[in-house]
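Structure record follows, encoded as structure tokens.
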There are 4 protein chains.
Amino acid sequence: MKRSIRQIQKDETREKLLSAAHIVFGQKGIMAARMSDIAEAAGVSHGTVFVHFKTQETLVAAVIDDFGIRMGQRTHDMARNSGSLRDVLKAHLEGIREDEAFYTQLVIETRSLPPIARETMISIQSAVSFHINQAAQREMDAGVIKPMSMALLFNTWIGLVHYYLTNRDLFSPEKSVIETCGSMLIDHFMHMISSAN
Amino acid sequence: MKRSIRQIQKDETREKLLSAAHIVFGQKGIMAARMSDIAEAAGVSHGTVFVHFKTQETLVAAVIDDFGIRMGQRTHDMARNSGSLRDVLKAHLEGIREDEAFYTQLVIETRSLPPIARETMISIQSAVSFHINQAAQREMDAGVIKPMSMALLFNTWIGLVHYYLTNRDLFSPEKSVIETCGSMLIDHFMHMISSAN
Amino acid sequence: MKRSIRQIQKDETREKLLSAAHIVFGQKGIMAARMSDIAEAAGVSHGTVFVHFKTQETLVAAVIDDFGIRMGQRTHDMARNSGSLRDVLKAHLEGIREDEAFYTQLVIETRSLPPIARETMISIQSAVSFHINQAAQREMDAGVIKPMSMALLFNTWIGLVHYYLTNRDLFSPEKSVIETCGSMLIDHFMHMISSAN
Amino acid sequence: MKRSIRQIQKDETREKLLSAAHIVFGQKGIMAARMSDIAEAAGVSHGTVFVHFKTQETLVAAVIDDFGIRMGQRTHDMARNSGSLRDVLKAHLEGIREDEAFYTQLVIETRSLPPIARETMISIQSAVSFHINQAAQREMDAGVIKPMSMALLFNTWIGLVHYYLTNRDLFSPEKSVIETCGSMLIDHFMHMISSAN
DNA sequence: GATGAATGAGGCTTCATTCAT
DNA sequence: GATGAATGAAGCCTCATTCAT
């Protein structure tokens, strides 16, 4: 069927665009990237972007949505492979590391992005939070970590991670912050919430 | 003196502009605010902005610098009035609260702003960090708080605060995050780092 | 080939713009012409100009360069068709006449234009001067014209021509100065430098 | 009388402005000079310029008029001190030399200036032409110079002089063209029109 | 469907001119 | 009269979006 060949090609182009946008957004920032930058990065013409995404906002939303699904999947995988809180945190960072640049931009720009961005961010955090809380609760019940509000425990972790991500220039100008500081952050966080001294 | 009447008026306009910019930046974002928004907010004509600030970047730099000085002053005051770490954290949040919206935008946008922004941010954090570390060290030596890296202690605090600030919509959509969550954050943080359970 | 249809159309627009700019520059002056004047004269939108010429300076440079090439070609043709100095002068004026308005503006504004303008002007004059000198030298050697510095002979001729061009309002307000005064100028110049009385 | 003290001061300021404008116009070009440049050069405030000259055009006109009067005076003096054509040409160049920069700008910009500029230019040239023609006629009658149209003789001279003035960068980048090339120009011109070889 | 030239709204900046002091 | 801050019209340039090919 001709139809389906075309369809396949179209889908391929769409994927190229989403992937290119993901990279460019991670490099230049989401709102700072121009539509033509993305076209160029995807190796297609400027106009083609608009064939697939009616407006800039649509493209941004699609990239974010895509990313949300990927993160959701990773978080889901996280569940089965992790037992201890430490494992969960490790898996969490690992999940971020795979999209570090884009994730960081998303953290930074959420507020000035279309609502979908905020919603995606929240849904990602909710899923992550669910797993972290579960593991934390278990260890808290076991008396390994201090009793404290789950929400605050989670927000402290997220805040710490985001702080390092968004200040990469201070902590790891050359390469991935997660790679450079990840295990240190986990150690520190575990130490802080641990009931031992 | 004629001189000084005119000078005073000019200074007033400059102040009006800085103050309007400070507000508008806090509302719309620093780079998203247009020069004409600021003119309008200050109640002067578009051209007047350029009488006082040759370029947009100059204005941004001036507002940030202004803010940096104000924060520096507050941090300095913090020193004499605070003994315990809890006091210092309280003073820190109090200092932020007075410029909450702008501070939050600065946290968000630092990376896409002229270098002065980053430098100001760093210098503010350095000063704050100095006082926090001093108090924390004392209490750590006294065995009241767990032994841990000063840098990580500070970054955890800053990360936590910034996380709440930059997610105001989640934590306090109506009013100041600091007002709403400040003492909770301090309590939580103190509890976390405390050597007691 | 699709390629070439689009390419041809783009080139046509570029030509329309260059040609419109050439005319508008001749009428209003090179720096006095606004980008929007040229867009209007070319029958395209304001933004289109910037698709083809990134900045005003680029456009000016392109128009001048274009003109330089055209003049160079004419000067080259001049060579083969002219024997006597009189012929060369005639050809020179003829070459100018085809772009009289623009050439005149260029003469007037060279100093306030980007360096390319000056360079183009100089290169045009050099080529012309070469041919004039050659013919003049021959006739000087033959004793037909007075012995004199070639440079001064050339500068006198150019000065005379430019003076008439730049004072068209005095000499030929209605139409081309070259048409109106050209042969008179040649006669006069030849008479002046002739060794006969 | 208070009145007349004020009047004197006002006149002084006006003179300062005219003089400053004359210099600045000579340096930056007449239309390229900003009103504030002139205020600064005159050592008065920006607003003061408008107290004396309602519009930019008025100022330009006044400076040109002033210059015209000065040139007229010099031309008049030229009359009594000069006998031969060579003397007149020398006096002519001398008159220009005293205002070389401004005169050159005027030559270049006349067309884009208010009509007064053109009229002044014409009136200056008329006066000069009168004296040159008179002397030339005498020598032509005496058979010293070739018979030729007075207008063309004059225009050749003016064209030559203007060509050197407006191409100072080629002929005398460092200092006055008249000083550097003046006598050469006179010699050449006299040689050209002389009936001798 | 892909292309990329054309479009035009929107933003920054300059500078002659005005006017309150 | 002198001052200089304020004004706003006008010009350059960017970039998301449209549309003919």
Side-chain angles (χ1 to χ4, degrees), chain A residues 5-7 9-14 33-37 39 44-57 59, chain B residues 1-14 32-37 39 42-59, chain C residues 1-14 32-37 39 42-59, chain D residues 2 5-7 9-14 33-39 44-57 59:
Chain A
I5 291 174
R6 277 225 164 171
Q7 194 56 43
Q9 286 184 337
K10 188 173 181 185
D11 288 353
E12 271 174 7
T13 302
R14 192 189 152 89
R34 284 164 303 172
M35 293 299 262
S36 57
D37 291 335
V44 300
S45 80
H46 187 181
T48 297
V49 184
F50 292 87
V51 172
H52 293 267
F53 306 97
K54 198 134 187 47
T55 65
Q56 188 175 37
E57 185 171 324
L59 169 61
Chain B
M1 279 157 287
K2 254 186 192 167
R3 262 296 145 107
S4 77
I5 290 175
R6 299 298 291 269
Q7 194 55 43
I8 286 165
Q9 288 188 336
K10 184 174 186 185
D11 289 353
E12 270 171 9
T13 301
R14 192 188 151 92
R34 287 158 300 163
M35 293 300 262
S36 58
D37 291 334
V44 300
S45 82
H46 185 182
T48 297
V49 185
F50 293 89
V51 171
H52 293 267
F53 304 97
K54 209 150 178 40
T55 65
Q56 189 175 34
E57 185 170 326
T58 311
L59 170 60
Chain C
M1 282 156 287
K2 252 183 192 166
R3 263 295 146 108
S4 78
I5 291 174
R6 299 296 292 270
Q7 195 54 46
I8 286 165
Q9 287 187 337
K10 183 172 186 184
D11 289 353
E12 270 172 8
T13 302
R14 191 189 150 91
R34 287 158 301 164
M35 293 300 262
S36 59
D37 291 335
V44 299
S45 82
H46 185 184
T48 297
V49 185
F50 293 92
V51 171
H52 293 267
F53 305 97
K54 208 147 179 43
T55 65
Q56 190 175 35
E57 186 169 327
T58 311
L59 170 60
Chain D
K2 241 185 187 176
I5 290 174
R6 278 225 163 171
Q7 194 56 44
Q9 287 184 335
K10 185 170 183 187
D11 289 353
E12 271 174 7
T13 302
R14 190 188 154 91
R34 284 164 304 174
M35 293 300 262
S36 57
D37 290 335
I38 288 148
V44 301
S45 79
H46 188 183
T48 298
V49 184
F50 293 87
V51 171
H52 292 269
F53 305 97
K54 196 131 190 51
T55 66
Q56 187 175 38
E57 185 170 326
L59 169 61

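Convention: sequence-line order gives letters A, B, ...; per-chain numbering from 1.
With rounding to whole Å, H46(B) atom NE2 is found 10 Å from dG11(E) atom P. Rounded to whole angstrom, the span from the CD atom of E12(A) across to the P atom of dA2(E) amounts to 10 Å. Atom CZ in F50(C) sits roughly 18 Å away from atom C1' in dT17(F) (whole-Å rounding). Between the CG atom of L59(A) and the C1' atom of dT17(F) there is a distance of 13 Å, given to the nearest Å. What separates NZ of K10(B) from P of dC19(E) is a distance of 20 Å, to the nearest Å. D11(B) has its CG atom 15 Å from the C1' atom of dA6(F), to the nearest Å.
Rounding to the nearest 0.5 Å gives a distance of 11.0 Å between CZ of R34(C) and CD of Q56(C).
Annotation: of the two residues near DNA chain E, R34(B) and T48(A), the 5′-most nearest-nucleotide partner is T48(A). Checking S36(C) against V49(D), the closest nucleotide of DNA chain F that is more toward the 5' end is the one next to V49(D). DNA chain E is contacted by both E57(D) and Q56(B); Q56(B) maps to the nucleotide lying nearer its 5′ end (nearest heavy atom per residue). Both T13(B) and M35(A) lie near DNA chain F, and the one whose nearest nucleotide falls closer to the 5' end is T13(B).
Annotation: the terminal axes of the helix from dA2(E)-dT21(F) to dT21(E)-dA2(F) meet at 10°, where each axis is the rotation carrying the C1' atoms of four end pairs onto the next four (5 pairs per end, rounded to 10°).
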Would you please test E57(C) and F53(C) for side-chain contact (heavy atoms from CB on, under 4.5 Å) and show each step? CA-CA 8 Å; E57(C) 186 169 327; F53(C) 305 97; over 6 Å; no
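Nearest nucleotide to the side chain of S45(A), out of dG4(E), dA16(E), dT13(E): dG4(E). In this structure, of dT3(E), dT14(E), dT17(F), it is dT3(E) that holds the atom nearest to the side chain of V44(A).
Applying the side-chain hydrogen bond (donor to acceptor under 3.5 Å, both in side chains) rule to S45(A) yields the partners T48(A); only residues at least two apart in sequence or on another chain are considered.
OP1 or OP2 of dA6(F) has at least one side-chain nitrogen or oxygen of H52(B) nearer than 4.0 Å.
Using a 4.0 Å heavy-atom criterion, one finds that V51(D) contacts the bases of the nucleic acid, with or without backbone contacts as well.
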